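Since the model is a prediction, treat every value here as computed from it, not as a measurement.
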Amino acid sequence: MKKLWWKILCIILIFYVIINGLMGPVPHLPILNESIRNTYFHVALWLAMTLLLFTSMIFSVRYLNSGNIKHDDIASELAKSGLFYGILGCLSGSVWANFTWGDPWPNDPKLNGAAVGILIYLAYLLLRSSFEDEQRRARIASVYNIFAFAVFVPLIYILPRLTDSLHPGSGGNSTFGSYDMNNDLRMVFYPAIIGWILLGLWFAELRVRIKRINRFREEDFLEVKKS
C-alpha cells in the first residue's frame with residue numbers, strides 16, 4: 001500500500017480536477033469568461049512540467065556524480081514526461097489564445113520561448129538516440145540536460161517579463177492571483193498542480209521500469225549467447 005497511496009491520490013485528484021474544471025463555479029470576467037477553466041489544465045500543466053524538468057536535471061547531476069545508470073534512466077523519462085506536458089500546454093494554450101486573443105499563436109515572446117524550449121528538449125531526445133554506448137550516451141545527455149534546463153527557465157519565465165507580452169505577469173500585465181484567482185479557482189487549481197505532477201511521475205516510473213526490464217532481457221540474451 002505504501003507504493004500505491006500516491007497513485008490512488010493521483011487518480012482522485014485528476015478526476016476531481018476534470019469534473020470541477022468542467023462544471024465547477026468560476027469567476028466570469030471580461031474576455032476570459034468560461035475559458036478561465038483552462039487555468040486548471042494549461043497553467044497547471046506548465047507548472048508540473050517545470051518541476052518534472054527540474055527533477056530530471058537533478059537526476060542528471062546525480063548521474064554525473066555517481067555514474068549510476070539508474071539515475072540517467074530516471075532523468076530521461078522525467079524529461080519525456082515534462083516534454084509531453086509541454087506539448088499539451090502549448091496545445092491547450094493555443095486553444096485559449098484563440099478564444100481570448102483571436103489568434104492561436106500570436107507573436108508573443110512567451111509563446112515563442114515555449115516553442116524554442118520544446119525544440120531544445122526534442123534535441124535532447126534526438127541526442128540520446130545518437131549513441132549506442134550506454135554510459136557515453138548517459139554522460140553526454142546529462143550534461144546537455146543540465147544546460148537545457150538552464151536555458152529553458154529564462155526563455156519561459158524571465159525574458160517574457162522583461163518585454164511586452166500578452167501573458168499575465170509579463171510586460172506589465174497583472175498576474176492571475178492579483179485580480180481573478182478567487183477561492184473557487186484555488187480549490188481546484190492547487191489540487192490540479194499536485195495531480196498533474198503525480199501523473200507525470202507515474203508515467204516516468206512506468207517507462208523506467210520498462211527500460212530496466214528491457215536491459216535485463218538484453219543482458220540475459222548476451223549471457224546465453226556467450227554460453
Side-chain angles (χ1 to χ4, degrees), residues 10-11 13-24 26 29 31-56 76-126 145 148-149 151-161 163 165-171 173 175-176 180-181 185 188-204 206-207:
C10 172
I11 295 172
L13 288 175
I14 294 299
F15 273 102
Y16 171 79
V17 169
I18 292 174
I19 294 171
N20 285 277
L22 297 177
M23 297 185 293
V26 293
L29 300 171
I31 301 177
L32 292 175
N33 298 311
E34 290 290 325
S35 72
I36 199 172
R37 297 180 185 276
N38 208 2
T39 305
Y40 309 137
F41 305 98
H42 173 68
V43 181
L45 278 169
W46 272 90
L47 292 175
M49 170 203 68
T50 304
L51 181 63
L52 291 171
L53 294 179
F54 173 75
T55 309
S56 171
S76 65
E77 299 309 327
L78 284 172
K80 290 177 183 177
S81 292
L83 179 61
F84 177 62
Y85 276 7
I87 294 171
L88 290 180
C90 282
L91 293 175
S92 58
S94 294
V95 174
W96 201 357
N98 193 47
F99 276 96
T100 56
W101 301 331
D103 189 343
W105 198 282
N107 187 20
D108 183 81
K110 194 158 190 172
L111 289 171
N112 296 334
V116 173
I118 288 176
L119 289 175
I120 289 173
Y121 275 95
L122 286 174
Y124 167 75
L125 300 183
L126 181 62
N145 194 21
F149 186 79
V151 173
F152 183 78
V153 171
L155 282 173
I156 302 301
Y157 296 107
I158 298 177
L159 293 180
R161 292 179 178 272
T163 59
S165 175
L166 296 170
H167 278 78
S170 303
N173 294 331
T175 60
F176 270 123
D180 60 4
M181 183 65 82
L185 283 175
V188 184
F189 179 63
Y190 296 137
I193 297 173
I194 298 172
W196 293 124
I197 290 173
L198 292 178
L199 186 61
L201 293 174
W202 196 349
F203 287 157
L206 290 174
R207 293 279 304 177

ask   = Any sub-3.5 Å donor-acceptor pair from His42's side-chain atoms to Gly89's backbone N or O?
value = yes
inquiry  = More than 12 heavy atoms of other residues, nucleotides or ligands under 6.0 Å from OH of Tyr157: yes or no?
reply    = yes
inquiry  = If you apply the rule side-chain contact (heavy atoms from CB on, under 4.5 Å), what do you find for Ile118 with Cys90, and how did you get there?
reply    = CA-CA 9 Å; Ile118 288 176; Cys90 282; 3.4 Å; yes
query = Going through the checks in order, is the side-chain hydrogen bond (donor to acceptor under 3.5 Å, both in side chains) test met by Asp103 and Asn98?
reply = CA-CA 4 Å; Asp103 189 343; Asn98 193 47; over 6 Å; no
key: Value rounded to 0.5 Å, distance of CD1 in Ile193 from OG1 in Thr50   = 10.5 Å
query = Passes side-chain hydrogen bond (donor to acceptor under 3.5 Å, both in side chains), Tyr124 versus Ser76? Steps please.
reply = CA-CA 9 Å; Tyr124 167 75; Ser76 65; 5.2 Å; no
Sub-4.5 Å side-chain heavy-atom contact between Leu122 and Leu126 = no
ask   = Stepwise, does the side-chain contact (heavy atoms from CB on, under 4.5 Å) test hold for Ile14 with Trp196?
value = CA-CA 7 Å; Ile14 294 299; Trp196 293 124; 3.7 Å; yes
ask   = Any side-chain heavy atom of Phe189 within less than 4.5 Å of one from Leu47?
value = yes
Residues Leu91, Val95; criterion side-chain contact (heavy atoms from CB on, under 4.5 Å); working and verdict = CA-CA 6 Å; Leu91 293 175; Val95 174; 5.9 Å; no
Steps toward side-chain hydrogen bond (donor to acceptor under 3.5 Å, both in side chains) verdict (Ser35, Trp96) = CA-CA 7 Å; Ser35 72; Trp96 201 357; 3.0 Å; yes
task = Report the C-alpha separation of Phe54 and Leu78 in whole Å, then their side-chain angles, then the decisive distance to 0.1 Å, and conclude whether the side-chain contact (heavy atoms from CB on, under 4.5 Å) test is met.
result = CA-CA 9 Å; Phe54 173 75; Leu78 284 172; over 6 Å; no
ask   = Tell me, do Arg207 and Phe203 make a side-chain contact under 4.5 Å, heavy atoms counted?
value = no
remark   = Correct closest heavy-atom pair for Cys10 and Leu198 would be CB-CB, 3.7 Å
